[in-house]
Trainee: 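The structure's right below; bear with me while I get my questions together.
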2 protein chains.
Amino acid sequence: MSNDENIYRQMLKAIVEHQLPPGARLPEDRLSEAFGVSRTGIRKVLQRLALEHFVVIEKNKGAQVNHPSEAEALEVLDSRILIEPQLIPALLGYWNAEHSERFRTMAKEEKYAEEGNQLADSIQLTARFHYELATLAGNKVLANFVQQLCYRSSLILAAYGTRGSVGCDCGDHSELLDLLDQGHTDKAQHWMSHHLRHIKSSLILDSKPEENIDFQRLFAR
Amino acid sequence: MSNDENIYRQMLKAIVEHQLPPGARLPEDRLSEAFGVSRTGIRKVLQRLALEHFVVIEKNKGAQVNHPSEAEALEVLDSRILIEPQLIPALLGYWNAEHSERFRTMAKEEKYAEEGNQLADSIQLTARFHYELATLAGNKVLANFVQQLCYRSSLILAAYGTRGSVGCDCGDHSELLDLLDQGHTDKAQHWMSHHLRHIKSSLILDSKPEENIDFQRLFAR
DNA sequence: AATGAATTGATTGTGCACAATATTGGTGTG
DNA sequence: CACACCAATATTGTGCACAATCAATTCATT
C-alpha cells in the first residue's frame, strides 16, 4: 500500500472512531512530524479528507475535523434511508449461506464490542456491516458512496449521538440477517428503512447556533 | 473564486465536453505553463479530478482522462436509475410555476443546442437539467452525488455514446415537466426511470479490451 | 481605562530544485 | 540477427525555503 494511502487511513480511522473530535484543529506541522513525511504529503491527505467531508479546510486557516451541521447530519441519514433499502433486492440475488455466515459473525463481534463498551471497534463494525452489505449488491459506484455515508454517519454520531450508543439499539443487525435468510425482500427493506430512521430520530439536535450566527435577528429590537 | 477552483472547473469542463477525449494524457508541465501556475497547483487539481473519477492517476506515470470501463458505465447509470426517480416525491413538494418556467427555458435551450449540433452546450444543458432538478429535492448531499453522476455520464457518453446523441432521443425533457406540472408523481418517476434506462441501453458496449489488453488472446494464432 | 495601531509569532500557500522512476532508443555481444 | 544490457530523456514524487496571511499581544494615545 502506498504511503499516502496509509496516512489517509490512519487519519480517517482516528476521525470516525472519535479519537479526533469534531472541531479539532489539524496543523500540518504537527501531523508531518507525527507521520515522518513533509507537509506536502500531509496536505494531499487533508485535501482528500476535505473533499470527502471528514475535515473542512478554510483558506489560510488550515484544516479541522468537520463538525457537521444539523442539516448535513439529516441529509446524510436521509440519503442512506433512500439508498440502502433499495439495494436489498439486488443483494438478495447474490445472497447465500456463506455470506450469511460471514455477516452473522460480524454482527456478533459488533454486539460484544458494544456490550464491552469498546467504542472504536463498535463504531467500525457497525459501519462495516452496512457498507459491506451494500457492496454485495454488486454496484461499486453506489457501494463506495454508501461507504462514505456510513463513515460520515460515524462522525455525525460523534457530534450528535446519544453518549454510549454509536448505532442502533432497536434490536441488532442479526434480525436483518434472519429476514435475508428467509428471502423476505419487502420485510428486509422495511427493516432497513426503519432501522435508519430510528438512528436519525435518535440524534440530539439541540440547535446550537453553529456557524454564521445572525446577530441582526438575535438582537432585533 | 479561488484560482484552484477556476482551474478545476476549466479542466472538468474540457473533459465533460469531450474536448479532452477519454485516455488523453495530462502532463503536469504542459498544464502548469498553460494555466500559468506551478506544478503544485496542477497536481492538486489532478488529484481532485482523480478522486471524482474524471481522470486516473497511475503512480509514477501521471494522469490521463479516465476511460470508464463498461462496468463503471453501467454502474453509474444504474445508480442514477436507483436515485433520481426517488427524488421526485420530495421535489414535487417544492415544485411551483417559477421552477417550471426556469426548467422549460432550459429544456428549450437544450433542444436548440442539440438541433444546432452544438455539442458542448448540449452536453452541459443535459447534465444541468438533471442535477438542478435533483437539487430542488432539498438534499444537498444527494444532489452533489447526482451532479457527479451526471458529469460522469457525460464522460461515459464520450466513450460509449452513439455519435451525435449526447443524451436522450426519446422525446425531450419537457415531457417530464408536463408531468411535474400536473403533479403526477408516479408517472414522473416512471418517466425518469424509463428515460435513464433508455440512455443506458443506447450505450455501445463493443467490449473493447480497455485496460490490461490481453494480447495473448487478441493475437492468438 | 479604553480604543486603535503596530509588532510578533505561528501557520498556511506557492514555487522551485533535486531525487526517483518509467520509457525509449541505442549499443555491444553471443 | 537476436537478445540483453545500458544510457538518455522525459515525467513524476518529495522535501524545502520563502512569501503571504491570520491571530494575539503589546504599546501608544486620548
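Within every chain, numbering begins at 1; the chains are lettered A, B, ... in the order of the sequence lines, protein sequences first and strands thereafter. These numbers come from a predicted model, not from an experiment.
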Trainee: Among pairs that include at least one residue of residues 131-154 of chain B, which meet ring-ring contact (aromatic ring centres under 6.0 Å, His included), considering only residues two or more places apart or in two chains?
Mentor: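 Passing the test, one end in residues 131-154 of chain B: A:Phe145-B:Phe145, B:Tyr131-B:Tyr151.
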Trainee: To the nearest angstrom, how far is A:Leu26 atom CG from C:dT12 atom P?
Mentor: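 Between P of C:dT12 and CG of A:Leu26: 9 Å.
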Trainee: Expressed in angstrom and rounded to an integer, what is the separation of B:Ile42 atom CD1 from D:dT12 atom C1'?
Mentor: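 Computing the B:Ile42:CD1 to D:dT12:C1' distance gives 14 Å.
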Trainee: In chain order, what residues pass the side-chain contact (heavy atoms from CB on, under 4.5 Å) check against B:Lys61, with sequence neighbours excluded?
Mentor: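 With sequence neighbours excluded, B:Lys61 shows a side-chain contact (heavy atoms from CB on, under 4.5 Å) to B:Glu58, given in chain and number order.
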Trainee: Using the side-chain heavy atoms of A:Arg30, tell me which of these nucleotides is nearest: D:dT12, C:dA22, C:dT11.
Mentor: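 Looking only at heavy atoms from C-beta outward on A:Arg30, the closest nucleotide is C:dT11.
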Trainee: Paired stems touching DNA chain C, three or more consecutive Watson-Crick or G-U pairs with both distances under 3.5 Å?
Mentor: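 Output for stems: C:1-30 with D:1-30.
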Trainee: For residues 36-56 of chain A, which residue pairs qualify under ring-ring contact (aromatic ring centres under 6.0 Å, His included), counting only residues two or more places apart or in two chains?
Mentor: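 Found none.
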Trainee: Please report the distance, rounded to the nearest Å, between CG in A:Leu46 and P in C:dT12.
Mentor: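 Atom-to-atom, A:Leu46 to C:dT12, this comes out as 9 Å.
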Trainee: side-chain contact (heavy atoms from CB on, under 4.5 Å) with B:Ser100: which residues, sequence neighbours excluded?
Mentor: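 For B:Ser100 the side-chain contact (heavy atoms from CB on, under 4.5 Å) partners, ignoring immediate neighbours, are B:Trp95, B:Arg104, B:Asp181.
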Trainee: Under the side-chain contact (heavy atoms from CB on, under 4.5 Å) test, which residues partner B:Glu5, sequence neighbours left out?
Mentor: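 So B:Glu5 forms a side-chain contact (heavy atoms from CB on, under 4.5 Å) with B:Met1, B:Ser2, B:Tyr8, B:Arg9, B:Arg48.
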Trainee: Just to verify, what does A:Ala143 make a side-chain contact (heavy atoms from CB on, under 4.5 Å) with, not counting sequence neighbours?
Mentor: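 Here the qualifying residues are A:Thr135.
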Trainee: Please step through side-chain hydrogen bond (donor to acceptor under 3.5 Å, both in side chains) for the pair B:Ser201 and B:Arg197, ending with a clear verdict.
Mentor: CA-CA 6 Å; B:Ser201 66; B:Arg197 282 175 208 278; over 6 Å; no
Trainee: When the distance from CD of A:Gln64 to C1' of C:dT11 is rounded to whole Å, what number comes out?
Mentor: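 Distance check: A:Gln64 CD to C:dT11 C1' gives 14 Å.
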Trainee: Please tell me which of the listed nucleotides, D:dT12, C:dT12, C:dA22, lies nearest to the side chain of B:Lys61?
Mentor: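 Nearest to the side-chain atoms of B:Lys61, counting from C-beta on, is C:dA22.
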Trainee: If a pair satisfies salt bridge (charged side-chain N to carboxylate O under 4.0 Å, His left out) and one of its residues is in residues 122-146 of chain B, list it, with sequence neighbours excluded.
Mentor: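 Pairs touching residues 122-146 of chain B that pass the test: B:Arg102-B:Glu132, B:Arg128-B:Glu132.
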Trainee: Indicate for each nucleotide in nucleotides 14-21 of chain C, in 5' to 3' sequence, whether protein heavy atoms under 4.0 Å reach the base (B), only the sugar-phosphate (S), or nothing (-).
Mentor: BBB----S
